[in-house]
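A short write-up of the structure that comes next.
Counting convention: from 1, in listed order, for ligands and their atoms alike.
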Amino acid sequence: MTAPILRKLDDLREMTNGWRMSGESIGVVPTMGALHDGHLSLVAAAKKTCNRVIVTIFVNPKQFNNPEDLKNYPRTEEEDARKLERFTVDALWVPDGDQMYPDGFATTVSVAGLTDVMDGAYRPGHFDGVATVVTKLFTQTSASDAFFGEKDFQQLLVVRRMAADLDLPITVHGCPTIRDIDGLALSSRNLLLSDRARTLAPRLFEELEGIAEGLSKGEAVTTLQEKAKDRLLKTGFTEIDYIDLRAQSDLSLVEDTSKPARLFAAAYLAGVRLIDNIAV
Ligand code: PAF
């Protein structure tokens with residue numbers, strides 16, 4: 001069933017007020033569109049957990065530190081709506097730009113600490129943009145539950161911190177990364193890869209798995225990281241922002257897996273920035 005597409009805040013509020021008054025839980029799945037099976041797994045989780053489900057589609061200019069990246073970001077609204085039909089979601093919130101950032105908009109939500117490293121360091125302003133728009137999406141939709149993919153693990157932690165610090169009455173659920181059959185983590189950006197780059201892209205995940213295996217045999221993380229970086233560069237990746245082993249709780253750097261940790265990577269392939277992470 002096709003969900004109503006709402007573009008004005010008044011229409012969204014009218015709809016959610018009714019649901020809230022009848023005590024229904026509302027799940028929100030925030031997206032920037034170009035939906036893939038990773039997003040759809042979040043929608044499925046929301047449908048299981050909540051009475052009502054809203055999928056949001058908004059390509060948020062405030063989280064792009066590179067204007068070319070914003071310009072090239074895939075926009076596929078009609079196809080997205082079609083992909084959601086089988087889930088019978090209750091609404092698509094596709095706000096007009098002025099509904100999100102009206103003239104005079106002057107507020108930024110900024111989460112300290114967690115955003116100093118990895119994508120926070122390599123993409124200045126990115127997480128301020130994410131935290132600001134997600135705060136707005138949470139309040140606009142009056143959601144009780146929100147669903148985010150672990151592929152953007154740093155984003156998940158930042159959103160959880162923000163929701164806790166601002167006392168937002170919402171539960172933030174992290175859902176497993178969905179991968180293509182060859183291991184590549186699903187991402188809207190994969191649409192930007194050439195055929196050749198697409199065949200090479202799974203190497204990032206393979207290297208993370210290789211490092212995890214090395215760690216399990218007691219090899220030193222620094223040696224494993226350097227070898228993985230070398231191999232990726234030889235394969236055709238052009239720039240590696242990071243391959244890091246970090247604590248799952250606070251993203252501090254660690255050298256072993258004595259506490260829950262994750263391997264994180266970000267690298268460029270044919271001009272497309274890919275990120276991935278795995279638990280070790
Ligand atoms: O993960 C994304 O697609 C975006 O960062 C989000 C959470 C929808 C905020 O714009």
Pairs satisfying ring pair (Phe, Tyr, Trp, His ring centres under 6.0 Å), at least one member in residues 188-220, at least two apart: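 Matches after skipping sequence neighbours: none remain.
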Lys NZ or Arg CZ of Arg262 over Phe153 ring: under 6.0 Å, within 45°: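 Yes, a cation-pi geometry.
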Look at Arg82 together with Glu79 and state whether they make a salt bridge at an N to O cut-off of under 4.0 Å.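 So Arg82 does not pair with Glu79 through a salt bridge.
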Look only at the side chain of Arg52 and the backbone of Ile26, and say whether a donor-acceptor pair between them is shorter than 3.5 Å.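 It does not hold such a pair.
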Note every protein N or O atom lying under 3.5 Å from an N or O atom of ligand 1, pairing the names and giving the distance.
| unit_1 | atom_1 | unit_2 | atom_2 | d |
| --- | --- | --- | --- | --- |
| ligand 1 | 1 (O) | Gln155 | NE2 | 2.8 |
| ligand 1 | 5 (O) | Gln63 | NE2 | 2.9 |
| ligand 1 | 5 (O) | Gln155 | OE1 | 2.7 |
| ligand 1 | 10 (O) | Gln63 | OE1 | 2.6 |

Parallel, tilted or perpendicular, judged at 30° and 60°: which one describes the rings of His173 and Phe147?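 Parallel, since the angle between the ring planes stays under 30°.
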Using distance alone, with no hydrogens and no angle criterion, decide if Tyr101 and Asn60 have a side-chain donor and acceptor under 3.5 Å apart.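 Yes.
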